[in-house]
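Everything on this sheet refers to the single structure shown next.
In each ligand, atom 1 is the first atom listed, and ligand 1 is the first ligand listed.
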Amino acid sequence: MKPHVKLFIPGPTEVAPEIFEAMSKPMIGHRQKVYSDLHRRVVAKLREVLFAPKHMMFLSASSATGLMEGFLRNCTAQKNLSCVCGAFSFRWHEIALANGIKADQITVDWGQPYNYEAIDKALATGQYDTITTVYNETSTGVVNDLELLSKIIKKYPNVIWGVDAVSGLMGAKIETERLGIDFLVASVQKCFALPPGLAIAAIAPRAMDRAKTIPVRGFYFDFLDYAKYDAKDQTPATPAVSMIYGLDAQLDRIMKEGLDNRFQRHHAMAERVRDWAEKHFALYPPRSASSETVTCIKNTRSLNVSDLNKKLAERNLHISNGYGDLKEKTFRIAHMGELTMKDIDEVLGVIEEIWQLDGGKKSGAKCCSNC
Ligand SMILES: Cc1ncc(COP(=O)(O)O)c(C=O)c1O
């Protein structure tokens with residue numbers, strides 16, 4: 001068997017062997033009590049780690065994009081304000097338009113966080129009843145300030161707030177209820193460190209109240225249907241049972257590590273990569289708005305990132321090129337989920353060797369087959 005190639009990409013991420021083991025339990029029926037017990041247990045743990053004791057939790061056998069579509073359909077009666085700072089936040093806008101939902105986008109240059117003042121002004125027009133934001137913009141490595149957004153959005157009680165926390169949740173603290181986040185969504189193949197195939201969302205009572213006023217909410221992601229089944233600790237359609245077993249086990253591992261320890265581990269890895277990036281290249285976003293879970297680095301030396309990844313593969317390592325138009329202009333090193341400082345030191349050290357940073361090769365390192 002080929003050796004495993006360690007992933008430093010912003011999802012999917014490394015999965016611990018005991019999680020695969022937990023996922024291989026024999027199958028159960030999703031209308032059996034044994035499933036309801038599992039569902040209830042997972043929801044209780046999610047409420048704890050998401051700091052959302054009163055939010056309803058949806059477990060969806062889709063990726064996060066599905067639940068994002070659900071949010072826009074279930075909660076927008078009037079018009080959506082899509083706050084865009086990169087490819088993934090733009091996705092909210094695309095989803096709105098694809099569903100015939102009226103929406104305006106408010107944008108900043110890629111690599112920058114939101115312009116909070118402009119968002120405040122836009123909401124003050126009274127045109128919007130949902131606002132969609134990204135917490136961690138994976139394409140640019142930008143993190144947006146949820147505290148500032150919270151202060152602004154709380155001024156507008158008619159506005160229901162959706163946060164895409166896909167690439168940040170469980171890598172940094174998000175106090176869902178205190179911040180007043182009405183809809184928080186993530187896929188589990190990022191900082192939760194599970195395989196792809198499950199998305200979770202926390203929905204505030206306010207968002208559920210809005211859904212009750214919307215006549216056409218779609219079918220698969222009808223929030224009222226979810227609520228009906230949630231009352232029985234079930235999902236409307238067949239859940240991803242093995243994934244939920246994995247999530248149950250992973251939430252225990254997360255709590256065993258301790259949330260603060262987990263967030264501190266992510267922060268320390270991010271700081272290490274940021275320091276390295278500034279020493280050898282430059283950060284794409286301002287350091288103050290640089291993500292805790294994925295660092296986007298400006299390729300100031302115009303080195304070939306695709307070639308780098310081929311050489312990294314020989315050492316069983318894999319990083320991300322820049323996203324879309326940022327390919328080769330930037331590259332991204334993710335530091336999420338199961339990764340540790342030792343992993344980060346390893347990948348940075350190997351990149352230094354391959355690219356001969358620091359003006360020469362490291363002891364014992366080979367730069368080519370002739371060395
Ligand atoms: C910030 C962000 N939002 C949304 C998505 C889409 O997630 P999924 O592919 O799990 O639907 C991604 C995927 O990488 C992402 O990084």
(request) Measure the distance from atom 5 (C) of ligand 1 to every protein heavy atom, then report the residue, atom name and distance (to 0.1 Å) of the closest one. (result) F88 CD2, 3.5 Å

(request) Could you tell me whether some N/O pair between A64 and ligand 1 is separated by less than 3.5 angstrom? (result) yes

(request) Would you check if Y284 and I297 make a side-chain contact, meaning some heavy-atom pair closer than 4.5 Å? (result) no

(message) Just to confirm my output: which protein heavy-atom neighbour is closest to atom 8 (P) of ligand 1, and how far is it?
(response) S63 OG, 3.4 Å

(request) Report, in ascending order of atom number, the atoms of ligand 1 lying under 4.0 Å from any heavy atom of S187. (result) 7 (O), 8 (P), 10 (O)

(request) Please determine, by modelled atom types, if N321 and E328 share a side-chain donor-acceptor pair under 3.5 angstrom. (result) yes

(request) Classify the ring geometry between F90 and H93 as parallel (under 30°), tilted (30 to 60°) or perpendicular (over 60°). (result) tilted

(message) Give the atom numbers and elements of ligand 1 that come within less than 4.0 Å of a heavy atom of T65.
(response) 6 (C), 7 (O), 8 (P), 11 (O)

(request) Give the contacting part of K190 toward ligand 1: side chain, backbone, both or neither, where contact means a heavy-atom distance below 4.0 Å. (result) side chain

Using residues 100-110 as the side-chain source, report each donor-acceptor pair under 3.5 Å to any protein atom, sequence neighbours left out, with the distance given to one decimal.
from : atom 1 : to   : atom 2 : distance (Å)
D104 : OD2    : K79  : NZ     : 2.9
D104 : OD2    : Y128 : OH     : 2.6

(message) List ligand 1 atoms under 4.0 Å from N136, heavy atoms only on the residue side.
(response) 1 (C)

(message) Any nitrogen or oxygen of T138, side chain or backbone, less than 3.5 Å from one on ligand 1?
(response) yes

(message) Starting from atom 6 (C) of ligand 1, what is the nearest protein heavy atom, named by residue and atom, and what distance separates them?
(response) R91 NH1, 3.3 Å

(request) State, to 0.1 Å, how close A204 and I181 come at their nearest heavy-atom pair, and which atoms those are. (result) CB-O, 4.1 Å

(request) State whether a side-chain donor-acceptor pair under 3.5 Å links D343 with T340. (result) yes

(message) Given R262, which partner from the list E257, E292, E338 fulfils the salt bridge (charged side-chain N to carboxylate O under 4.0 Å, His left out) test?
(response) E257

(request) Using a strict 4.0 Å cut-off to heavy atoms of Q189, name the atoms of ligand 1 that fall inside it. (result) 10 (O)

(request) Go through H4 and E14 one step at a time and tell me if the side chain to side chain donor-acceptor pair (under 3.5 Å) criterion holds. (result) CA-CA 10 Å; H4 173 63; E14 294 297 312; 2.8 Å; yes

(request) Do me a favour and list the nearest non-hydrogen protein atom to atom 4 (C) of ligand 1 with residue, atom name and distance? (result) D164 OD2, 3.3 Å

